[in-house]
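Here is the structure we will look at, set down as C-alpha cells.
Treat the numbers as computed from the prediction; the structure is a model and nothing was measured.
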Amino acid sequence: MAAFDTVEIDGCSVSRASLHNLSFIRDLELSPGCRILVSKRNMIIPHIEENLDRGHYRKNLIPKSCPCCGKPTRIFSRAGDKGRLVETLHCDNQDCSSQILHKFIHFAEKKAMDISGISEATIEKFIERGFLKTFPDFYHLDRYRDEIVQMEGFGEKSYGKIIASVEKSRNTTFTRYVVAMDIPMIGKTAGRALEQHFHGDLQEFAKAAVDCFDFTSLPDFGDTMCRNIWDWFHDYGNLKLWKTLQKEVHIKKMEDITMAKKNNSTKSNPFIGCTIVATGKLEHFTRNGINDKIISIGANAGSSVTRKTNYLICGEKPGSKLTKAKELGIPVLTEQEFLDMIPA
C-alpha cells in the first residue's frame with residue numbers, strides 16, 4: 001500500500017493506492033520519498049501511473065521476516081497476463097496472528113457470511129480473549145455474554161446487535177459459504193459458477209473436490225484454481241471445518257436456473273448458457289449488479305476474458321479485457337445493446 005500526500009482527483013481526496021505486488025513495486029522502482037503520478041482508473045480506483053524519481057529502488061526494503069510473527073517470508077512467483085512473471089510476498093506461518101485475524105475478518109465480510117454487526121476491532125478483541133478460535137465459535141458467542149457486556153465500549157445494546165447479526169447470518173447461500181472458507185482465488189464469481197454447476201449442493205461440490213473433479217471445465221477456472229480447490233479439500237482440518245460449520249447454518253436454495261431457461265427459451269434469449277464478462281464503468285450497474293443480472297437471465301458471469309467467453313459488455317475506460325476480446329474475436333456489446341437483447 002502506498003501512502004502519499006493528499007491530492008484532489010475528480011472531486012475526491014486521495015492519499016492511498018494499492019501497490020498490488022512486488023513486481024509492480026520493482027517495475028516502477030518505488031521507494032519511500034519518491035514523487036509519483038496518481039490517477040483514478042475507471043474514475044474509481046486510485047492507481048500509481050509513474051515514478052518521477054526512478055533510480056533509488058532498494059532490494060533491502062523487502063522484509064525477510066513477517067512483521068507480525070517474525071517467521072521467514074517467502075517470495076511466490078506466478079505467470080501473469082501475457083506470460084509476465086508476477087511476484088508476491090507471503091508469510092507461510094498458519095499460526096501467524098495477523099493471518100488468523102484476517103481469516104476471521106474475511107469470514108464475517110458482506111461477500112461471505114455477512115455478519116454486519118461485528119467490526120474488525122471487535123473480532124480482534126474476541127480472538128485475544130479466546131472467544132473465537134474457529135469459525136463456528138461465532139455462533140456460540142452467547143457463552144461469553146457476561147464477559148462481553150462487561151468489556152470496555154460494550155454493553156447490553158452492543159451485545160444484542162452482535163448476536164442479532166450472527167443469528168441473521170445463519171441463513172446463507174452456497175456462494176457465501178464457499179467464499180467464507182477463503183479457498184485461494186475462489187471469490188464471489190467463482191462461487192456462483194460452482195453453485196450453478198453443483199446445483200447449490202455443498203455435499204456434491206465437496207465430493208467432487210475430494211475426487212479431484214476437473215474444475216477447468218467450468219468457465220474462468222484455470223489449472224491454479226483447480227489445484228487450490230483440490231489442496232484445500234485434501235487438508236483434514238479444512239474438511240472438518242467444512243462439515244462442522246454446516247451444522248450452524250441453513251443454506252438457502254439457489255435460484256432455480258431451470259426457471260430462467262423456461263421463461264427465456266434459447267430461441268428468444270441469446271444468452272442462455274453463455275459466459276459473459278463485463279468491463280469498464282457501466283451506467284446502470286455496479287460490478288456485482290451486472291453479474292447478478294447476467295446470472296438472472298441464465299448465463300454465466302465471467303471475471304476474465306478467455307476463449308470460453310461468449311460476450312464482453314463494455315463500459316467506459318474498459319482496459320485490457322477489451323483488447324483481449326478483440327484479439328480472440330469475441331463479440332463486444334455496449335451496456336445498452338446487452339439490455340436490448342434481453343427478452344422483455
Closest non-hydrogen atom pair between Ser65 and Thr73, with its separation: C-CG2, 3.5 Å
Atom of Gly315, atom of Pro318 and distance for their closest heavy-atom approach: O-CD, 3.7 Å
Counterpart residues, ring-ring contact (aromatic ring centres under 6.0 Å, His included), relative to Phe135 (two or more places apart): Phe104, Phe107
Over all atoms of both residues, closest heavy-atom pair of Cys274 and Asn310: CA-OD1, 3.3 Å
Main-chain N/O of Lys103 paired with Asp182 side-chain donor or acceptor, under 3.5 Å: no
Nearest-0.5 Å distance, CD1 of residue Ile115 to CD of residue Glu109: 11.0 Å
Pairing residues for Arg170 by the salt bridge (charged side-chain N to carboxylate O under 4.0 Å, His left out) criterion, not counting sequence neighbours: Glu167, Glu248
From CA spacing to verdict: side chain to side chain contact (heavy atoms under 4.5 Å, CB included), His47, His20: CA-CA 10 Å; His47 184 81; His20 307 292; 3.7 Å; yes
Qualifying residues under salt bridge (charged side-chain N to carboxylate O under 4.0 Å, His left out), relative to Asp137, sequence neighbours excluded: none
By ring-ring contact (aromatic ring centres under 6.0 Å, His included) - contacts of Tyr144 (at least two apart): Phe131
Ser303 backbone acceptor or donor facing Lys321 side chain under 3.5 Å: yes
Under the ring-ring contact (aromatic ring centres under 6.0 Å, His included) test, residues paired with Trp242 that sit two or more places apart: Tyr177, Phe205, Phe233
His197 vs Phe221, ring pair (Phe, Tyr, Trp, His ring centres under 6.0 Å): CA-CA, chis, key distance, verdict: CA-CA 12 Å; His197 186 83; Phe221 278 70; 9.2 Å; no
Any donor-acceptor N/O pair, Thr309 side chain to Thr275 backbone, under 3.5 Å: no
Flag if over 12 foreign heavy atoms under 6.0 Å of CD, Glu128: yes
same_hphob_cluster(Trp232, Val179) at 4.5 Å side-chain heavy-atom cutoff: no
Partner set under ring-ring contact (aromatic ring centres under 6.0 Å, His included) for His234, not counting sequence neighbours: none
Remaining members of hydrophobic cluster (4.5 Å side-chain criterion), Ile36: Phe4, Val7, Ile9, Val14, Leu19, Leu22, Phe24, Ile25, Leu28, Leu30, Val38, Ile48, Tyr57, Ile62, Ile75, Leu89
Between side-chain atoms of residues 283-293 and protein atoms elsewhere (two or more places apart, or another chain), which donor-acceptor pairs fall under 3.5 Å?
| unit_1 | atom_1 | unit_2 | atom_2 | d |
| --- | --- | --- | --- | --- |
| His284 | ND1 | Glu335 | OE2 | 3.0 |
| Thr286 | OG1 | Gly289 | N | 3.0 |
| Arg287 | NH2 | Gly280 | O | 2.9 |
| Asn291 | ND2 | Arg287 | O | 3.4 |
| Asp292 | OD1 | Arg192 | NH2 | 2.0 |

For the student: nearest non-hydrogen atoms of Ser31 and Leu61, plus distance: CB-CD1, 3.8 Å
Ion pair check, Glu156 and Arg145, cut-off under 4.0 Å: yes
Glu316: salt bridge (charged side-chain N to carboxylate O under 4.0 Å, His left out) partners, not counting sequence neighbours: none
Check against side chain to side chain contact (heavy atoms under 4.5 Å, CB included), Ile295 and Gln196: CA-CA 9 Å; Ile295 291 170; Gln196 290 188 27; 3.5 Å; yes
In one Ile/Leu/Val/Met/Phe/Trp/Tyr side-chain cluster, 4.5 Å: Met113, Ile118: yes
Asn238 vs Met181 side-chain heavy atoms within contact, under 4.5 Å: no
From Ile251 atom CD1 to Phe174 atom CZ, the distance as rounded to the nearest 0.5 Å: 9.0 Å
Linked, directly or transitively: Phe338 and Leu322 (ILVMFWY side chains, under 4.5 Å): no
Ile162 versus Phe154, closest heavy-atom pair with distance: CD1-CE2, 3.9 Å
Asp10 atom CG, over 12 foreign heavy atoms within 6.0 Å: yes
Single-linkage hydrophobic cluster Ile276~Leu328, side-chain heavy atoms < 4.5 angstrom: no
Residue pair Asn228 / Ile186, side-chain heavy-atom distance below 4.5 Å: no
Option from Ser98, Cys96, Cys68 for which side-chain contact (heavy atoms from CB on, under 4.5 Å) with Cys91 holds: Cys96
Audit row: Arg74, Asp92, salt bridge (Lys or Arg N to Asp or Glu O under 4.0 Å) steps and yes/no: CA-CA 7 Å; Arg74 174 178 62 90; Asp92 291 326; 2.6 Å; yes
Full working for side chain to side chain contact (heavy atoms under 4.5 Å, CB included) between Tyr139 and Leu245: CA-CA 9 Å; Tyr139 300 98; Leu245 186 62; 4.0 Å; yes
Arg16 side chain to Ala2 backbone, donor-acceptor under 3.5 Å: no
Test item: Phe126 and Ile148 side chains (from C-beta on) under 4.5 Å apart, heavy atoms: yes
Short side-chain to backbone donor-acceptor contact, Thr6 and Ser15, under 3.5 Å: no
Where at least one partner belongs to residues 286-325, residue pairs that pass ring-ring contact (aromatic ring centres under 6.0 Å, His included), sequence neighbours excluded: Phe271-Tyr311
Contacts of Arg35 that satisfy salt bridge (charged side-chain N to carboxylate O under 4.0 Å, His left out) - sequence neighbours left out: Asp53
Val86-Val305 co-clustered via ILVMFWY side chain contacts under 4.5 Å: no
Closest approach of Met1 to Ala17 (non-hydrogen atoms, all atoms of both residues): SD-O, 3.2 Å
Flag if over 12 foreign heavy atoms under 6.0 Å of NZ, Lys40: yes
Validation row: Leu132, Leu141 side chains within 4.5 angstrom (heavy atoms): yes
pair Pro136-Leu241: side-chain heavy atoms closer than 4.5 Å: yes
Criterion side chain to side chain contact (heavy atoms under 4.5 Å, CB included) on His106 and Lys111, from CA distance to verdict: CA-CA 9 Å; His106 172 82; Lys111 62 185 177 183; 3.9 Å; yes
Sub-4.5 Å side-chain heavy-atom contact between Leu312 and Leu333: no
Side-chain heavy atoms of Ser169 within contact of Asp114, under 4.5 Å: no
Whether over 12 other heavy atoms sit under 6.0 Å from Gln150 CD: no
Set of side chain to side chain contact (heavy atoms under 4.5 Å, CB included) partners for Asp214, sequence neighbours left out: Thr216, Cys226
